Participant: 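I have a structure here, written as structure tokens, and I will follow up with some questions on it.
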Amino acid sequence: MTAPACFDLAGGVALVTGGNAGIGRAIALALAGAGAAVAVFGRNTTNNARVLAELRAAGAAACAVQVDVTDRAALAPALARVLGELGAPDILVNSAGHVVPSG
């Protein structure tokens, strides 16, 4: 999918937490379609690998980092990896979620 010029994100770097599934995955793919390099933070390594392959197949520079965003100590190394691979994020989408069963 090609984005209209008014949505051109070429040269930008996006970081999507929870970007390996659901709405976060859709947002990550849309950002890639608009030209952004995309970093995905997610806990599930299988989902990370799948979305990374999709992003790269779309022609995007991308990385997927296995990290739990509720673990503050893990965030600095995860961000360091993004900085090293893609550069500083210009766009942040917080889509990570956690379902707490009721009852």
Side-chain angles (χ1 to χ4, degrees):
M1 172 182 1
T2 304
C6 63
F7 294 107
D8 183 8
L9 299 176
V13 176
L15 170 58
V16 183
T17 70
N20 64 5
I23 294 170
R25 175 184 160 273
I27 292 170
L29 292 169
L31 290 165
V38 179
V40 168
F41 281 5
R43 294 179 297 174
N44 184 297
T45 56
T46 301
N47 289 350
N48 284 354
R50 186 175 341 139
V51 75
L52 181 60
E54 290 177 300
L55 290 165
R56 289 183 174 162
C63 70
V65 182
Q66 192 279 322
V67 64
D68 180 343
V69 297
T70 66
D71 179 358
R72 287 183 180 250
L75 293 176
L79 183 56
R81 181 167 165 203
V82 174
L83 292 169
E85 292 188 29
L86 302 176
D90 304 294
I91 301 161
L92 174 62
V93 178
N94 291 305
S95 185
H98 180 71
V99 177
V100 178
S102 62

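Because the structure is predicted, anything quoted here is derived from the model rather than measured.
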Participant: Does atom CG of L83 have more than 12 heavy-atom neighbours from other groups under 6.0 Å away?
Facilitator: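 Count over threshold, so yes.
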Participant: Search all heavy atoms of G19 against all heavy atoms of A28 and return the closest pair with its distance.
Facilitator: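 Shortest heavy-atom contact: O-CB, 4.1 Å.
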Participant: Of V16, V65, N20, which is the lone residue that meets side-chain contact (heavy atoms from CB on, under 4.5 Å) with F41?
Facilitator: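 Only one option passes, and that is V65.
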Participant: Looking at A36 and A60, what are the two nearest heavy atoms and their distance?
Facilitator: O-CB, 4.0 Å
Participant: For the atom pair CG (N47) and CD (Q66), what is the distance rounded to the nearest 0.5 Å?
Facilitator: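 The distance works out to 11.5 Å.
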Participant: Is there a chain of hydrophobic side chains (I, L, V, M, F, W, Y, each step under 4.5 Å between heavy atoms) that links V51 to I23?
Facilitator: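 Linked, V51 and I23 end up in one cluster.
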Participant: Could you measure the distance from the CG atom of D68 to the CG atom of N44? Nearest 0.5 Å is fine.
Facilitator: 12.0 Å
Participant: Can you tell if the side chain of E54 reaches within under 4.5 Å of the side chain of R25, non-hydrogen atoms only?
Facilitator: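 Yes, their side chains come closer than 4.5 Å.
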Participant: Check for a donor-acceptor pair, side chain of N48 on one end and backbone N or O of G42 on the other, with a separation under 3.5 Å.
Facilitator: yes
Participant: Say you draw a straight line from CZ of R43 to OG1 of T70; how long is it, rounded to the nearest 0.5 Å?
Facilitator: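 One gets 7.0 Å once the value is rounded to the nearest 0.5 Å.
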Participant: Which distance, rounded to the nearest 0.5 Å, do you find between the CG of L86 and the CG of L15?
Facilitator: 9.5 Å
Participant: What heavy-atom pair brings C63 and V82 nearest, and what distance separates the two atoms?
Facilitator: SG-CG2, 4.1 Å
Participant: Do the side chains of L9 and V38 join up, straight or via other hydrophobic residues, at under 4.5 Å, putting them in one cluster?
Facilitator: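 Same hydrophobic cluster.
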Participant: Taking all heavy atoms of A88 and all of V13, pick out the closest pair and write down the distance.
Facilitator: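 That closest heavy-atom pairing would be O-CB, 3.5 Å.
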Participant: Atom CG of L31 and atom CD1 of I91: how far apart are they, to the nearest 0.5 Å?
Facilitator: 5.5 Å
Participant: Side-chain contact, heavy-atom cut-off 4.5 Å: V40 with L55?
Facilitator: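 With C-beta onward as the side chain, the pair touches.
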